[in-house]
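Working notes for the structure below.
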Amino acid sequence: MAAVSLGRAVGAATAALSISLIFCFLLYCARSKFHPWKKTRGGKRRRGLVEAIGNTPLIRINSLSDATGCEILGKAEFLNPGGSVKDRVAVKIIEEAIENGELVEGGIVTEGSAGSTAISLATVAPAFGCTCHVVIPDDAAIEKSQILEALGAVVERVRPVSITHKDHFVNIAKRRAIEANKAKNDATVEVTGHVSHNGQSDEGSRIKSRGGYFAAQFENLANYRAHYEWTGPEIWNQTKGSIHAFVAAAGTGGTIAGVSRFLKEKNKCIKCFLIDPPGSGLFNKVTRGVMYTKEEAEGKRLKNPFDTITEGIGINRVTKNFMMAELDGAYRGTDQEAVEMSRFLLRNDDLFIGSSSAMNCVGAVRVARALGPGHTIVTILCDSGMRHLSKFFNNQYLAEHGLTPTATGLEFLS
């Protein structure tokens, strides 16, 4: 009798312990939903900043999806540590340069950039023991320069000129790398022009160097490979292969080239499109095979073809990266459409996105309307609106340029 009682007691205790363990497990699972940083890909914590880049979520943009009858999904690249899709490019460029022996610890990574790539390089370079020197046009949003300075980069602001001019910001950045290579072994490099470093602004600077490396984001195919090997596979896996179209704008061309080529290798039926901002010649290149219309070729092109509020997209030459793209067509977008789209998404989806992201969403709606309901369309949400406060989200600036948003719905898209 005593043995039976003891057996029952043991059984009851075992059951109670099992219930407690199940309860604890369920409680842990429930809590983990509210602490996503404890769960990473493969169930492992990511070691350091570099491993935190990528694997960004694919967000259903509810308002645009409901309005078009398509599933419009945005790859939330603004959630990368450096705040943009360019984090992937920065890592790939630096990793390949180190592997090839073109960059060593203590070296200087130089780049000419209107903002996001520079910020990503300045964010990532210290993780590899390197410093960053950025040459930036002085008409870029001032907050981008401020972010770069806060990250410890040397920032050299120059006036905007044609890419063919020796003092175009990209050409200057290339020269800075050459100068750094001539002054290896911890020698100092003298930089002239309007320079900011560690919060100090002056007309010159001297920085230590163990050699320099020009990132060359426009022509360096590491840019394309970052998206072919990384972003494209993520989109394919996140949609489980159920994707009908991809659309994005192009600056360097790396994103649209890498993603389009990867997706078409997985399924040649996937349609890939360009959305091009004002002043850019890529729409003509994709649709007509030439960069200029007849009138533009005859010299009637505007003196400043980049007279657009969007930043980081649009170009009047075909880069090595863009040449890798596999596109089915192109659409044109306007500044007004980009501004209106950004406000529409902020009101309806709580998405605070920058100018290039807004233009991408304009493209997504265009593609959705062309394909019809029932299709899945993916685009890139490149960065947030935090880097666009002085221009794109400045009401006075918009009013001065006749871009004050007035739409209540999507009527701004013809």
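Because the structure is a prediction, the values reported are computed rather than measured. Position 1 is the first residue of the sequence, and the numbers go up from there. All heavy atoms count here, side chains included; hydrogens, waters and symmetry mates do not.
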Nearest heavy-atom approach of A248 to I256 is O-CD1, 3.2 Å

Any carboxylate oxygen within less than 4.0 angstrom of a Lys/Arg side-chain nitrogen, looking at R261 and E229? no

In Å and rounded to the nearest 0.5 Å, what is the CD to CD distance from E96 to E99? 6.5 Å

Does the pair R60/E71 count as a salt bridge with the N-to-O cut at 4.0 Å? yes

Using a distance-only test with no angle check, is there a side-chain donor-acceptor pair under 3.5 angstrom linking H133 and T110? no

Restricting to non-hydrogen atoms, name the atom on S113 and the atom on P137 that form the minimum distance, rounded to 0.1 Å. O-CD, 3.7 Å

Using 4.0 Å as the upper bound for N to carboxylate O, is an ion pair formed by E143 and R387? no

Would you name the heavy atoms of A249 and N360 that are closest together and state the gap between them? N-OD1, 2.7 Å

Non-hydrogen atoms of S357 and L381 that approach each other most closely: OG-C, 3.3 Å

Please report the interatomic distance CZ(F218) to CD(E111), rounded to the nearest 0.5 Å. 7.5 Å

Strictly by modelled atom types, are E77 and N80 linked by a side-chain donor-acceptor pair under 3.5 Å? yes

List the atom of N55, the atom of K75, and the distance in Å for their closest heavy-atom pair. C-NZ, 4.4 Å

Would you call R332 and E337 a salt bridge, using N to O less than 4.0 angstrom? no

Test item: side-chain donor near acceptor, D276 and S280, under 3.5 Å: yes

NZ or CZ of R343 within 45° of F393 ring axis and under 6.0 Å: yes

salt_bridge(E234, R88) N-O dist < 4.0 Å: yes

How long is the span from the CD1 atom in I377 to the CD1 atom in I61, to the nearest 0.5 Å? 10.5 Å

State, without any angle test, whether D383 and H388 hold a side-chain donor-acceptor pair at a distance under 3.5 Å. yes

Check the pair T376, L73 against side-chain contact (heavy atoms from CB on, under 4.5 Å), reporting the backbone distance first and the verdict last. CA-CA 7 Å; T376 297; L73 310 176; 3.8 Å; yes

Start with the C-alpha distance between D139 and R157, add both sets of side-chain angles, then the distance that settles salt bridge (Lys or Arg N to Asp or Glu O under 4.0 Å), and finish with yes or no. CA-CA 9 Å; D139 63 346; R157 292 189 294 276; over 6 Å; no

Looking only at heavy atoms, which two atoms of N321 and G254 are closest? And how far apart? CB-N, 3.8 Å

In this structure, NE2 of H244 is separated from CD1 of I270 (nearest 0.5 Å) by 9.0 Å

Does NZ or CZ of R317 lie under 6.0 Å from the centre of the six-membered ring of F322, at an angle within 45° of the ring axis? no

Test log, rule salt bridge (Lys or Arg N to Asp or Glu O under 4.0 Å), inputs E179 and R176: CA-CA 5 Å; E179 292 164 1; R176 297 299 179 233; 3.2 Å; yes

Do you see a donor-acceptor pair shorter than 3.5 Å between the side chains of T117 and Q217? yes

Spacing of CZ belonging to F273 relative to CG belonging to L371, to within rounding of 0.5 Å: 5.5 Å

Charged N to carboxylate O under 4.0 angstrom, D167 versus R175? yes

